[in-house]
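See structure below.
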Amino acid sequence: MKIGLNHSPTPIQISGTRSGSNNTAVTSPPPVKNKVNKQHNQKKITKWFSQAGIQTSYKNAKPQSIDDKVRIKTQILARRKIANLENILGRALDFCLEDGKEESIDPDWFFSFVNMAEEIFSPAMQELWGKIFAVETAKPGSFSLKTLTLLKQLTQKDAHIFRQAVNLTSYKKGESTPRLLIGYYQKSNIWSFFNTFKNKQLNLAEYGLSYPDLLSLMDLGLIHHSEIESGELSTSTQTEWRCAGTKLRLAAKHQGTTLLYYKFTPTGAELCKLVNKQKLDAYTEAILSTLGRAFNIE
């Protein structure tokens, strides 16, 4: 008895088939999910370019001349720049300081500030620029044009890393340059011969500042490129420090003991003034424990 075969109305396309081979590649349509994701990404790309005055060409849209496109782009960007300056002005007024000097800010500084500030689009960075202008108005000369130029290059990620570094800063009494204390070093002498802790350093990554973060701040010119060793600290005289918000008085237990730290550049020191510090108790406890092996601490 013959059995009738039902032929499929839709043939399956097979590529790369060979007689006697069981390996067949079946062509299938791409997943719907991938298509949806692609459309979603296309919308995001189009949205960002539209904020710069660039529109995609649609089939049913009336064609525009290049002059019309230039005019529209110029108007959109001009509006955004004005909005940026208005937002920064509002932040400056909110942060306005009561006490100020009678002297006025440098006009060249002001218009350089405006030219750079109008291209600051991030709300978080606009707040920072508003603070700068408020401080400069109260105390002209607080921020150099070099600092503004560097600040303009900072991304939100860079600003977050810098803020974390500022939370770990220490200041030596009588000096205004911030430092990142990381430990100490003891030069070889009769006392250190019996001491197993000749060189002890903290891992700042445990407190939110990884080594790649440090390298990033160095590349930006906010921190000097290598760790610095202080001069030998006296065993008879105390040195006062403010470490991450905690006041310390240090006196070396043995001669030849120095502190190790990273030092902020003048530009980095200027920008430190803008950051609201958060006290990190874990870092303070760790630095006290570390330095306590080589220093008498009050």
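Because only heavy atoms are used, hydrogens play no part in the values below, and waters and symmetry mates are left out as well, while side chains stay in. Numbering starts at 1 and runs along the sequence shown.
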If every non-hydrogen atom of [X] is compared with every non-hydrogen atom of [Y], which pair is closest and at what distance?
X: L248; Y: C243; value: CD1-CB, 3.7 Å
X: G221; Y: T267; value: O-CB, 4.2 Å
X: Y262; Y: Y211; value: OH-CE1, 4.2 Å

| query | Checking side-chain contact (heavy atoms from CB on, under 4.5 Å) for the pair Y207/N167: CA distance, chi angles, key distance, verdict? | reply | CA-CA 10 Å; Y207 311 99; N167 289 335; over 6 Å; no
| Do T155 and D158 have side-chain atoms, one donor and one acceptor, less than 3.5 Å apart? | yes
| Judged by modelled atom types alone, do N115 and S112 share a side-chain donor-acceptor pair under 3.5 Å? | no
| query | Under a 4.5 Å cut-off applied to non-hydrogen side-chain atoms, are T284 and L280 in contact? | reply | no
| Are any non-hydrogen side-chain atoms of I223 and F264 less than 4.5 angstrom apart? |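 Yes - at least one pair of side-chain heavy atoms lies under 4.5 Å apart.
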| said: Applying side chain to side chain donor-acceptor pair (under 3.5 Å), can you list everything that pairs with E175, at least two apart in sequence or on another chain? | reply: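 E175 satisfies side chain to side chain donor-acceptor pair (under 3.5 Å) with R179 only.
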| field | Any residue meeting side chain to side chain donor-acceptor pair (under 3.5 Å) with E285, in chain and number order, not counting sequence neighbours | value | none
| field | Test: D68 and R71 ion pair at under 4.0 Å | value | yes
| With under 30° as parallel and over 60° as perpendicular, where do the rings of F133 and W109 fit, or are they tilted in between? |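 If you compare the ring of F133 with that of W109, the planes turn out parallel.
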| task | Determine, using the 4.5 Å side-chain heavy-atom cutoff (strictly less than), whether I82 and L93 are members of one ILVMFWY cluster. | result | no
| task | Could you tell me whether the side chain of T149 and the main chain of L145 form a donor-acceptor pair under 3.5 Å? | result | yes
| task | Could you tell me whether the side chain of T290 and the main chain of I287 form a donor-acceptor pair under 3.5 Å? | result | no
Cut-off 3.5 Å, no hydrogens considered: what does the side-chain donor-acceptor table look like for residues 119-129, sequence neighbours left out?
residue, atom, partner, partner atom, Å
E119, OE1, K152, NZ, 3.0
S122, OG, A124, N, 3.4
S122, OG, Q156, NE2, 3.2
Q126, OE1, N87, ND2, 3.4
Q126, NE2, N84, OD1, 3.2
Q126, NE2, I120, O, 2.9

| request: Take Y283 and L204 through the test side-chain contact (heavy atoms from CB on, under 4.5 Å) and record every step on the way to the result. | output: CA-CA 9 Å; Y283 171 74; L204 295 181; 4.0 Å; yes
| Which distance, rounded to the nearest 0.5 Å, do you find between the CG of L271 and the CZ of F143? | 7.0 Å
| query | Heavy-atom count around Q201 CD within 6.0 Å, excluding the residue itself: above 12? | reply |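 Result for CD/Q201: enclosed.
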